[in-house]
**Student:** 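Mind looking over this structure? Questions follow.
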Amino acid sequence: MLKKYNFRAIESKWQQKWEESNIFKTHEDNAKEKYYVLEMFPYPSGKIHMGHVRNYTIGDVVSRFKVMNGFNVLHPMGWDAFGLPAENAAIKNNVRPDIWTWAHIEEMRGQLKQLGLSYDWDREVATCHPGYYKWMQWIFIQLFNKGLAYKKENPVNWCPSCMTVLANEQVVDGKCERCGTLVGKKELSQWYFKITDYAERLLANLDGLPGWPQKVKVMQKNWIGKSTGADVDFEIEGFDDKLKIFTTRPDTLYGVTYMVLSPEHPYVKKLVQGTPFEKETLEYIEKVQHMSDIERTSTVGEKTGVFIGRHSTNPLNGKKVPIFISDYVLMDYGTGAIMAVPAHDQRDFEFAKKFGCEITPVVDPGNPDIDVSDLKEAFVAEGTMINSGIIDGMNSNEAIARITDYLEEKSLGARAVNYRLRDWLVSRQRYWGTPIPMVFCDSCGWVPEKEENLPVLLPADVEFTGKGESPLATSETFAEAACPRCGKKAVREMDTMDTFLDSSWYFLRYCDARNEGSIFDKAKEKYWMNVDQYIGGVEHAILHLLYARFFQMALCDLGWTSKEEPFENLLTQGMVIKDGKKMSKSIGNVVSPEEIIDKYGADTARLFILFASPPDRELDWSEAGVEGAFRFLNRVYRAVFDMAEAAAGVTEGYRLENESDKSLAFVMNASIKKVTEDAGGRFNFNTAISSIMEFVNELYRYKEKGAVNKGLVRDALNNLVLLLAPMTPHICEEMWEHLGNTEPIYRASWPAYDEEAMIRDEIEIVIQLNGKVKEKLNVPANLEKAEFEREVMENDKVKLLLEGKAVVKTIAVPNKLINIVTK
RNA sequence: GCGGCCGUGGCGGAAUAGGCAGACGCGCACGUUUGAGGGGCGUGUGAGCAAUCGUACCGGUUCAAGUCCGGUCGGCCGCACCA
């Protein structure tokens, strides 16, 4: 060990040693308790950014900490390698997507290794590798066979720039999530997964995930969007079929003054055919169809629609009400039709005001400030039923059940539940993704490819024009197939899978990443799963985590996974920002990890990231803070270098000889305790580090006093290095070696703390007078409450404080404070 | 609009179960070491001359409130015509 901290030499030395000894390799070991720590795998863009550094540093500390605590840790890494950028590069620069991607993976793997991350690289997966996507295709087929994958003609979200279909989730503010282009609609035949079949379980299981942030659970809950209510059948005058609507407010049924169908509702065209209303209705439908979602939603508050010349009958009171169509009623939610109660629904209220519909109040707010006969806005809260026949006078919440019972009795309706969650559109008109392993046969329809023929490989003979159809269609050979069922000539599916599918099960594949005969060995899955700690950005709170939960659940139903939910604990790390803003090229405030590592080393970068902020909060990048972290590592290094000699060769134990010894032993043990709790439990590495800093400060004080209890110094130095090891592994390996240890610190045991050393003879306590701090006092530690109180009350300082005052009562908290209430 | 999170020194942040507000670090100031610079080591650092006052603001509960309750203001995030 050199006198000066040479991070470059140290970091490359130890990275090389780790690599040579393959120290991070893991295998199943039933004798040990397992721990699976997983960080969200990156898209191989080619360069890591600070978000990656933070994510993977946190995961690495957890992993190393668990290893030192005796766990058999699985800590893998891989690549979410399919996706658009590779294909765009192919179009723009004429590079093959596979070559582009593999080169980027190579580059990024090197950068991750420079950070000293403890991954078992033998388990590395890349979703674009045939050995991986073979099993992706296998899963697709399992889901298809179970009836969870189906093809449907539908108007879909279409990004004219990416030339592909997008899932609802990938349309943000009516724009393409990736390129920001306005998304339009297109009629296409697409593959869907029936995630709606799992809506209830995906929702119900959230309660069983105490290790997830409340925020994420709420976001998922809202996304699934469960609504309970009733379906009600309305008759349409002069039309045979009944009109079914869904409502969450059956109590307001007497207040219905008109009906609204979605413009896409299948009844609409039949209802206006040959009537004077046909022309205007069709024109409206036409107009709505050509609107993108952004245009449709930007008109919030200003309702549009047309009366279609028909009337419907209220099943409860026989009242005839007009039927409209309007784009505020969505075809893909509920039944695509609603009963309108303008008095008690704000959207209906706005529509009624604009179109001059009747507004009949049926719920009395019981508030003199609200005039129900002249509402200024819809009254949506609970109240007392009025104008409502059999439920008059009843509380509106109670009336919901009463009316629903009545509807069911009379066969006019039934209880119903609806979810906002839609089925998942999984096909993409793209090349760089997993080919959908389906074959279309004129006689047999859609048939899955035979398992022994998997993987269906991506063809190499394709053209990237960036226009129109899927590039797979330009391959001469790809489309040709024999029907897996009847053997006749058939055609392959040309679309590929949404890349969200690839990332919905990678955590399972890590359990047995090189298995060629099966998706994974069930015993291995059983040993490693669940993921004990999942760490990643909150931007994946909804989509990725919901899809992954769905996959896990479906595979569980198929008998493949041992548990329904994959992630036991979830940590959503905060963003790395600079000067209060998100790092971005356009603002020009991006800090590159490469530069920081080059200037200060990986250990400093890791330490600063861990120290600057707790992991789930935003982290404001500060160059001065990085320098502080670097300075601290130098200080530690110096302390170890300067004091190691004094402690060298000492094997026997030691006794605490004086106050300096006691003080150092106290701080050392308190620090071990603090770091153990903070790093192991709540992942607050910032406070763990601050306590190590206090430990180091105490060590310098000890040195300054010239104290040399060799055994104590030896323990202090070793413990200091052990405590820091998960966070700054390179420098710690170096110091550990210098202290005469022969085994790598990676495999060393986490230090235990000695409660005895933390017992103090005297403790400083606080004297409060009426809750205000007045005096501090040293008293013997660990007194019984009565004794403690007597000790304090008999003290001269306290007596002086209380002179001339009448004590009403005293509250004594031993070892902490005493509060004296006086008059 | 609905839902969630959060407001603490000049700055990042601490206070984990209601019990000394401001740990630790940054910055700043001073001392010391050094030929100088840098670096190291050390001391001080919420406001106020003080009594005291201080955790966005107003009120409440309590012996005791940054922490619990009600309200106001401000910020961030998610969803958003979901019947």
**Student:** Taking the C1' atom in each of B:A51 and B:G40, what is the distance between them to the nearest angstrom?
**Tutor:** 42 Å
**Student:** Hey, does A:Asp348 reach any base, or is it just sugar-phosphate, or nothing, if we go heavy atoms under 4.0 Å?
**Tutor:** nothing
**Student:** Grab the CG-P distance between A:Asn770 and B:C20 for me, whole Å please.
**Tutor:** 17 Å
**Student:** Given A:Phe632 and A:Phe611, is the ring-ring contact (aromatic ring centres under 6.0 Å, His included) satisfied, shown in steps?
**Tutor:** CA-CA 11 Å; A:Phe632 173 69; A:Phe611 180 58; 8.1 Å; no
**Student:** Please name the pair of heavy atoms, one in A:Phe65 and one in A:Thr676, separated by the smallest distance, quoted to 0.1 Å.
**Tutor:** CZ-O, 3.7 Å
**Student:** Closest-nucleotide mapping onto RNA chain B: is A:Arg638 or A:Glu627 further toward the 5' terminus? I mean the 5' end.
**Tutor:** A:Glu627
**Student:** For atom P, what is the distance between B:A47 and B:G9, given to the nearest Å?
**Tutor:** 12 Å
**Student:** Could I get a table of every N or O pair under 3.5 Å where one atom is in the protein and the other is in nucleotides 43-46 of chain B?
**Tutor:**
none

**Student:** Output the single nucleotide from B:G3, B:A83, B:G12 whose closest atom is nearest the side chain of A:Asn222.
**Tutor:** B:G3
**Student:** To the nearest Å, how far apart are A:Leu769 CG and B:G19 C1'?
**Tutor:** 16 Å
**Student:** Just N and O in the side chain of A:Ser691: are any of them under 4.0 Å from OP1 or OP2 of B:C24?
**Tutor:** no
**Student:** Rounded to the Å, how far apart are A:Asp678 CG and B:A15 P?
**Tutor:** 8 Å
**Student:** Take atom CZ of A:Phe630 and atom C1' of B:C26, then tell me their distance rounded to the nearest Å.
**Tutor:** 16 Å
**Student:** With a 3.5 Å distance limit and no angle check, can you tell me whether A:Asn589 reaches the backbone of A:Ser584 through a side-chain donor-acceptor pair?
**Tutor:** yes
**Student:** Quick check for you: among B:G40, B:A83, B:C77, whose closest atom lies nearest to any side-chain atom of A:Val329?
**Tutor:** B:A83
**Student:** Can you tell which of B:A83, B:G4, B:C81 lies closest to the side chain of A:Lys215?
**Tutor:** B:G4
**Student:** Think A:Tyr700 has a side-chain N or O under 4.0 angstrom from the OP1 or OP2 of B:C41?
**Tutor:** yes
**Student:** Would you find a donor on one side and an acceptor on the other, under 3.5 Å apart, between the side chain of A:Lys217 and the backbone of A:Leu209?
**Tutor:** yes
**Student:** Is any side-chain N or O of A:Lys809 under 3.5 Å from a base N or O of B:C63, one able to act as donor and the other as acceptor?
**Tutor:** no
**Student:** Verify the contact: side-chain N or O of A:Asn686 to OP1 or OP2 of B:A14, cut-off strictly under 4.0 Å; return yes or no.
**Tutor:** yes
**Student:** To the nearest Å, give me how far apart CD (A:Glu539) and C1' (B:G78) are.
**Tutor:** 13 Å
**Student:** If we take the P atom in both B:G13 and B:G59, what is their distance in whole Å?
**Tutor:** 30 Å
**Student:** In whole Å, what is the span from the NZ atom of A:Lys582 to the P atom of B:C77?
**Tutor:** 10 Å
**Student:** What nucleotide among B:G25, B:A15, B:G19 has an atom nearest to a side-chain atom of A:Met693?
**Tutor:** B:G25
**Student:** Could you tell me whether A:Lys221 contacts a base, only the sugar-phosphate backbone, or nothing, with contacts defined as non-hydrogen atoms closer than 4.0 Å?
**Tutor:** nothing
**Student:** How close do A:Met259 and A:Ser312 get, counting heavy atoms only, and between which atoms?
**Tutor:** CG-CB, 3.8 Å
**Student:** Which residue is it: A:Thr810, A:Ile811, A:Val807, A:Leu769? I am looking for the one with a side chain to side chain contact (heavy atoms under 4.5 Å, CB included) to A:Val821.
**Tutor:** A:Ile811
**Student:** Looking for any heavy atom pair under 4.0 Å, which part of the strands does A:Glu618 touch: base, sugar-phosphate only, or nothing?
**Tutor:** sugar-phosphate
**Student:** Given A:Glu350, which of A:Gln346, A:Lys353, A:Lys354 fulfils the side chain to side chain donor-acceptor pair (under 3.5 Å) condition?
**Tutor:** A:Gln346
**Student:** Rounded off to whole Å, could you give me the CE-to-C1' distance for the A:Met575 and B:G78 pair?
**Tutor:** 13 Å
**Student:** Would you measure the distance from the P atom in B:G75 across to the matching atom in B:U8 and give it in whole Å?
**Tutor:** 14 Å
**Student:** Which nucleotide, B:G25, B:C63, B:A14, lies nearest any side-chain atom of A:Ile811?
**Tutor:** B:C63
**Student:** With a 4.0 Å cutoff (strictly under), does any side-chain N or O of A:Arg635 reach OP1 or OP2 of B:G25?
**Tutor:** no
**Student:** How far does the C1' atom of B:G46 sit from the matching atom of B:G42, given to the nearest Å?
**Tutor:** 23 Å
**Student:** Between A:Ser622 and A:Glu704, who's closer to the 5' end of RNA chain B by nearest nucleotide?
**Tutor:** A:Ser622
**Student:** Kindly point out which of B:G25, B:C26, B:A15 is positioned nearest to the side chain of A:Arg682?
**Tutor:** B:A15
**Student:** Glycosidic conformation of B:G9, syn or anti, with 90° from 0 as the boundary?
**Tutor:** syn
**Student:** Of the options B:A83, B:G19, B:C41, whose atoms approach the side-chain atoms of A:Thr247 most closely?
**Tutor:** B:A83
**Student:** Please report the distance separating the C1' of B:C5 from the corresponding atom of B:C81, rounded so that it comes out in whole Å.
**Tutor:** 26 Å
**Student:** Could you check if a side-chain atom of A:Gln220 sits within less than 4.5 angstrom of a side-chain atom of A:Leu202, using non-hydrogen atoms only?
**Tutor:** no
**Student:** Starting at CD1 of A:Ile224 and ending at C1' of B:C79, how long is that distance when rounded to a whole Å?
**Tutor:** 14 Å
**Student:** State whether the distance check finds a donor on one side and an acceptor on the other, under 3.5 Å, for side chain A:Asn819 versus base B:C63.
**Tutor:** yes
**Student:** Compare every heavy atom of A:Ser227 with every heavy atom of A:Thr248, then report the nearest pair and how far apart it is.
**Tutor:** CG2-CB, 3.9 Å
**Student:** Taking both distances under 3.5 Å as the test for a Watson-Crick or G-U pair, what stems of at least three pairs does RNA chain B have?
**Tutor:** B:1-7 with B:73-79, B:10-12 with B:24-26, B:27-33 with B:39-45, B:56-60 with B:68-72
**Student:** Kindly indicate, with the supporting measurements, whether the criterion ring-ring contact (aromatic ring centres under 6.0 Å, His included) is fulfilled by A:Phe351 and A:Phe324.
**Tutor:** CA-CA 10 Å; A:Phe351 188 91; A:Phe324 290 81; 5.1 Å; yes
**Student:** Main chain of A:Ala414, side chain of A:Asp231: is a donor-acceptor contact present, judged purely on distance under 3.5 Å?
**Tutor:** no
**Student:** Which one, B:C26, B:G3, B:G25, comes nearest to the side chain of A:Val218?
**Tutor:** B:G3
**Student:** Identify which nucleotide among B:G25, B:C20, B:C53 has an atom closest to any side-chain atom of A:Val773, counting heavy atoms from C-beta outward.
**Tutor:** B:C20
**Student:** Shortest non-hydrogen contact from A:Leu619 to A:Ala612?
**Tutor:** CG-CB, 4.1 Å
**Student:** Measure from the side chain of A:Glu694, starting at C-beta and using heavy atoms only, and say which of B:C24, B:C53, B:G78 lies closest.
**Tutor:** B:C24
**Student:** Rounding to an integer number of angstrom, what distance separates B:G4 and B:G25 when you compare their C1' atoms?
**Tutor:** 31 Å
**Student:** Per the atom types in the model, does the base of B:C81 pair as donor or acceptor with the side chain of A:Lys303 at under 3.5 Å?
**Tutor:** yes
**Student:** Please tell me if A:Arg617 has a side-chain N or O lying less than 4.0 Å from either OP1 or OP2 of B:G12.
**Tutor:** no
**Student:** Any donor-acceptor pair under 3.5 Å linking the side-chain atoms of A:Tyr333 with those of A:Ser262?
**Tutor:** no
**Student:** Could you give the distance separating B:U33 and B:A14 at their C1' atoms, to the nearest angstrom?
**Tutor:** 33 Å
